[in-house]
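What you see is a predicted model; the values in this text were computed from it and never measured.
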Amino acid sequence: METEKIGDVYENDEPPKYGLKLLLNHEFPLKSKQLLIPRPKQIFEMMPLTARYFKYYLERKFQRRRPIMDYIHMISAQRMYGCPIGGIGGGTIGRGFKGEFCRFQLYPGVYEYVTVPECQFIVNIRDAKKETIFQSVLSTYSKPKKVLPSWEWNIKGADCEYTALYPRAWTSYDLTKYGIKLICRQISPVIPHNYKDSSLPCAVFVFSAKNISNEPRDVSITFTWTECLGESKKKGGSKLDLERYSAENTCGVTLEQKIADTPCTFTIAKNKPENETIHEGYCLWNSTKTSGYVWECLKKHGRLEPDPSQTPPPPKVDKTDKESKEEKEKTKKIYKNDSIALSSNISLDPGGSGSTEFCLVWDMPVIKYKKDSKVHKRYYTKYFGSDGIAGASIAAYALRYYKRWEKQLAEWQDPILNNSCIPDWLKSALMNELYFVADGGTIWFDVAEEYPDTDPRHEFGVFGYLEGHEYRMYNTYDVHFYASFALAQLWPNLQVVLQYMFKETISIEINKLRPSLYDGKSCKFKIKDSIPHDLGEPDGIPFTHINAYNIHDVSEWRDLNLKFILQVMRDYRLLRGHNAPFNTERYRSMAYIDDIKEGTEDDLYSRSTGQVDDPAPVSPDLSTNLSTDISTNLSTDPSTLERPSGVANILELLYRSTEVVEDCGEKLQPQESTAIVWDSKQYLCDMYPSCVALLRRGLDWDRDGDGLIENGGFPDQTYDAWVMTGPSAYCGGLWVASVSAVHAMAKILGFTDDEKEFNTLLEKAKDAYERKLWNGSHYKFDTKPCNSEVVMADQLAGQWFLRASGWTEPVFPEANVKKALHTIYENNVQRFLNGRMGAVNGFIKGPRPGIDTTAIQSEEVWTGVTYGLAALMIYEGMHEQAFSTAGGLYNTLMKMGLAFETPEALYENGNHRSVAYMRPLSIWSMYHAIITKPPQHGATSNGQPHHAKENHL
């Protein structure tokens, strides 16, 4: 990949080595659709629930509200997507890898699965005689039959390649027959630690052309746009307003319309050419009547000009009857314009190259939910205003600074892409799974006036993303537990904001009753000292009307409270990393990160802080161990410690550019200052009382007083169709880990009495967990005899989070953890499709091994759970098994065409459930694990262990 440094920006036209790579005529070899066919015994058990769901569904339809989960009209994966465009919280627009604009998510919570053919790029190539020798829409998507009759789709898919490495994408067009090679580079401002630019609702498209012929060539690129999700075409629809504008350095065209009764202005812009007048290079047109003019104008002139037939003739003072008749005829031909277009030319000498840029902006600054009287301002309005006229300003800003965005993206991505310890497939997967942070129905509102500056929401707003495109609940907490690794590492202030939002709900009790769909019993919306399942739905009042989920009584869910506690502890460690001093360039280099010293493989942080020069022996005792290793030294906040020169932090190391140390003879470039993150000690102080209250609330579920909670005999955790009864591996493990975490918090903050109380509880819980659930090969699913041989893939979720929080002392016996992981790998992974689809949730050992078919979810593969399992394998030194487990799943997903719509679940027959889901963001826990504990064997062929190189189906 050729990179030219220019000042403080990077020019980079060529597609990268890594990413999703597809020819534009690609056909996916594996089929997959959303089709749930329960087994007869499952159908019988689900009949009462199904009947109650139908009643709920009809009630919502009568209220003209969408169900939060629509099981009647489920959406199968479209198997067509590339990188979506747009920043975080301002709406997104999907793009197909073949070049189309599709899947619009502009009004919060509303996804429109439509492809709009009028939204296109068109290329025109002219020879030395200024004659058009080639013109085509830059897409290989099927040409529509009823619209744009004169437009031509002449691109050959076999000659073009698409590369997606989120948040950027490249499309290479081989037009050598006409003397041109063309590359389109798509850039969205989704930039870790850059909160201002990451909030912008825009994308930049850079077209780079090279003349490989022996004569001059003129290349014209035209960007066309039309009314999307159009309400103006409905009876009594809204009015459209189209305008051409010219600013100081940019010019463009705007289209103002309404989407879901909310004003939205689309702007397409370019840098202003010196010799172009305001009357050139643009066109307002009608998508059904005058699209032919756009095509023929380009073909004739190589650029756009306003359509003269769409301009009314000047008024005349004296009109004869003939003139009046002619005027009426002309007036009839003037159609209502609903589309805009902008063109830009690149003149190339033989062998020459050049480029041009476009920016697309959609400005929908304020949101008012139907049931909410409050008007919400999107986060980007903090910088660009909320009056709905910011499109031109945002476009000018984007066109000016997109190269700096790319520089920042390179500084973040290059250490990952160049890390020989990371398999090639994982480098692509890490980046491309991040699409959901922006494309997850995400909302991000500015609320600076509502909170004091001692609250992170004052500076960073409030944040929400949906559980999935089909499961429309904001910040579903049992799922966010898995996905949170992405925010916690890349946008830590948003993770902090989300935690404060949930903290605020803990003391709330909502006495209003509603029936649960599972058993029909009435239950309160929420009880005190509990974490809600979610923070509302788009059809309600998000962040105010919480717990939209109505299948179970979630106040009795065993996992929600515990997942809050574990995230607090994990976040504290990562925030400490962000806040630590960082005084020299040496520790920012990948050369240093790869320089693993014996005995420090587990902890990059301790090496960066210079503590490995005189290593202390590892003690199994928590209090001793926490004081000997800064990565787990939770008793003292690192910001108060004196550190040696060059003290570093783990997250600085994660996302630095690929400079090497000065001893290697390469010059180190100065770095920009890192983003300020919320103070770790303040965070822990604020969260601790809530964690204690939640833990003590959990003691109500310890019926026999042995220190270990029991499940209630209904699906009372994230597996909401899989019943656990009594002590269980999943919830019991989360409980033990949470007690250990709160015990550590008490030690850090100096609450001696609490520390003693929770230490006693921890010892009891550990003993009961091992005694009741360990069977010699794995932790039992629960204590029911019929489940004694069920191996659950997610049984060690508590240990996973302890490792991510820096724990090295054995809360769970190390030998048992390793044995359980090997049992999971041998059964749930290897014996399930030979490891080609990750880890099935439940597998039965014994003389007749096979998938556990007790429940629908027991026989599913959950993508996010598989990635979390792989992360724990890495923490425990099982890198080869981890890469084989997760790599087999990723390879299958790509062969099915499920990129940028990763589902929650896959089935043995290849079908899927719930497209575009939150949980797969857990793949970022794998990166956290690799950095914490790189493979001891170092680099391997293609960055993968030899058994994990290929996972062919």
Side-chain angles (χ1 to χ4, degrees), residues 1-2 10-16 19-26 80-86 93-102 115-117 119-125 134-141 151 153-176 178-189 202-212 217-225 268-271 298 341-346 348 353-361 395 398-399 402-403 405-406 409 432 900:
M1 183 166 55
E2 297 182 0
Y10 284 91
E11 288 281 354
N12 183 7
D13 294 333
E14 295 297 322
L20 174 68
K21 292 182 176 287
L22 302 169
L23 295 178
L24 265 60
N25 64 346
H26 182 79
M80 62 186 285
Y81 295 118
C83 279
I85 57 174
I93 299 173
R95 290 211 73 199
F97 72 89
K98 294 183 178 182
E100 63 276 25
F101 288 86
C102 46
T115 297
V116 183
C119 299
Q120 297 284 5
F121 289 104
I122 301 171
V123 63
N124 174 278
I125 302 175
F134 181 75
Q135 183 165 299
S136 176
V137 171
L138 284 174
S139 172
T140 58
Y141 189 74
W151 293 22
W153 275 249
N154 296 323
I155 296 292
K156 294 182 179 179
D159 297 335
C160 308
E161 185 179 52
Y162 178 82
T163 301
L165 193 68
Y166 190 79
R168 292 184 291 175
W170 293 254
T171 306
S172 302
Y173 303 93
D174 187 352
L175 305 175
T176 53
Y178 309 100
I180 293 295
K181 285 192 173 181
L182 182 67
I183 297 176
C184 173
R185 189 165 85 253
Q186 170 187 301
I187 308 135
S188 291
C202 68
V204 174
F205 303 89
V206 182
F207 285 86
S208 302
K210 184 173 183 179
N211 183 359
I212 58 174
R217 287 284 187 268
D218 287 329
V219 178
S220 171
I221 305 295
T222 297
F223 192 1
T224 64
W225 199 261
I268 54 176
K270 64 178 181 178
N271 286 317
L298 289 172
L342 194 67
S343 64
S344 184
N345 295 337
I346 310 171
L348 302 172
S353 60
S355 65
T356 188
E357 308 98 340
F358 293 94
C359 181
L360 172 65
V361 179
L399 290 170
Y402 78 87
K403 292 180 182 179
W405 296 346
E406 291 193 284
L409 289 171
N432 288 339
F900 302 103

* Salt-bridge contact Arg185-Asp13 (side-chain N to carboxylate O under 4.0 Å) -> yes

* Can you measure from CD (Glu161) to CG (Leu22) and round to the nearest 0.5 angstrom? => 8.0 Å

* **Side chain proximity check, Val204 to Trp405, heavy atoms < 4.5 angstrom** => yes

* Structure fact -> When every non-hydrogen atom of Asn432 is compared with those of Ala164, the smallest separation belongs to ND2-O, 3.2 Å

* In Å, rounded to the nearest 0.5 Å, how long is the span from CD1 of Ile212 to CZ of Arg217? -> 9.5 Å

* Asked: How close do Phe101 and Cys119 get, heavy atom to heavy atom, and via which atoms?
  -> CD1-O, 3.2 Å

* Are the side chain of Asn124 and the backbone of Ser220 linked by a donor-acceptor contact shorter than 3.5 Å? -> no

* To do: Specify the closest pair of heavy atoms between Phe97 and Leu23, including all atoms of both residues, with the distance to one decimal.
  => CE1-O, 3.5 Å

* Asked: Minimum heavy-atom separation for Leu348 to Asp218, with atom names?
  -> N-OD1, 4.4 Å

* Give the intermediate values and the outcome of side chain to side chain contact (heavy atoms under 4.5 Å, CB included) for residues Lys210 and Ile180. => CA-CA 6 Å; Lys210 184 173 183 179; Ile180 293 295; over 6 Å; no

* Can you list the steps and then say if Tyr81 with Phe900 is a ring pair (Phe, Tyr, Trp, His ring centres under 6.0 Å)? -> CA-CA 6 Å; Tyr81 295 118; Phe900 302 103; 8.5 Å; no

* To do: May I ask you to decide if Gln135's main-chain N or O and Asn154's side chain share a donor-acceptor pair within less than 3.5 Å?
  => yes

* Structure fact -> Note: Tyr162 and Cys83 closest approach over all heavy atoms is OH-N, 2.8 Å

* Test side chain to side chain contact (heavy atoms under 4.5 Å, CB included) applied to Ala203 - qualifying residues, sequence neighbours left out -> Ile85, Ser188, Phe205

* Asked: Under a 4.5 Å cut-off applied to non-hydrogen side-chain atoms, are Tyr166 and Leu20 in contact?
  -> no

* To do: List the atom of Leu138, the atom of Ile155, and the distance in Å for their closest heavy-atom pair.
  => CD2-CD1, 4.0 Å

* Asked: Is there a side chain to side chain contact (heavy atoms under 4.5 Å, CB included) between Tyr173 and Leu24 once you walk through the steps?
  -> CA-CA 10 Å; Tyr173 303 93; Leu24 265 60; 4.3 Å; yes

* To do: Could you check if a side-chain atom of Phe121 sits within less than 4.5 angstrom of a side-chain atom of Thr222, using non-hydrogen atoms only?
  => no

* Asked: Do the side chains of Asn211 and Lys181 get nearer than 4.5 Å, heavy atoms only?
  -> no

* Asked: Does Arg95 have any salt bridge (Lys or Arg N to Asp or Glu O under 4.0 Å) partners at least two apart in sequence or in another chain, and if so, which?
  -> none

* Between CZ of Phe223 and CD1 of Ile268, what distance do you get to the nearest 0.5 Å? -> 6.0 Å

* Should Trp170 and Cys184 count as side-chain neighbours, where that means a heavy-atom distance under 4.5 Å? -> no

* Structure fact -> When rounded to the nearest 0.5 Å, the distance separating CG of Leu298 from OG of Ser343 is 6.0 Å

* Structure fact -> Between the SG atom in Cys160 and the CG atom in Leu182, the distance rounded to the nearest 0.5 Å is 9.0 Å

* Asked: Can you list the residues that meet the side chain to side chain donor-acceptor pair (under 3.5 Å) rule with Ser136, with sequence neighbours excluded?
  -> none

* Asked: Which residues satisfy the side chain to side chain contact (heavy atoms under 4.5 Å, CB included) test with Ser172, sequence neighbours excluded?
  -> Pro15, Ile183

* **From CA spacing to verdict: side chain to side chain contact (heavy atoms under 4.5 Å, CB included), Met80, Thr115** => CA-CA 11 Å; Met80 62 186 285; Thr115 297; 3.7 Å; yes

* Taking atom types as modelled and ignoring hydrogens, do the side chains of Lys98 and Thr140 form a donor-acceptor contact shorter than 3.5 angstrom? -> no

* Please identify each residue that fulfils side chain to side chain contact (heavy atoms under 4.5 Å, CB included) with Ser139, with sequence neighbours left out. => Glu100, Gln120, Val137, Tyr141, Trp153

* Asked: Once you round to the nearest 0.5 Å, how far does OG1 of Thr356 lie from CZ of Phe207?
  -> 9.0 Å

* Modelled atom types, side-chain donor and acceptor of Asn271 and Glu357, under 3.5 Å -> yes

* **Those residues that, when tested against Lys156, pass side chain to side chain contact (heavy atoms under 4.5 Å, CB included) (two or more places apart)** => Asp159

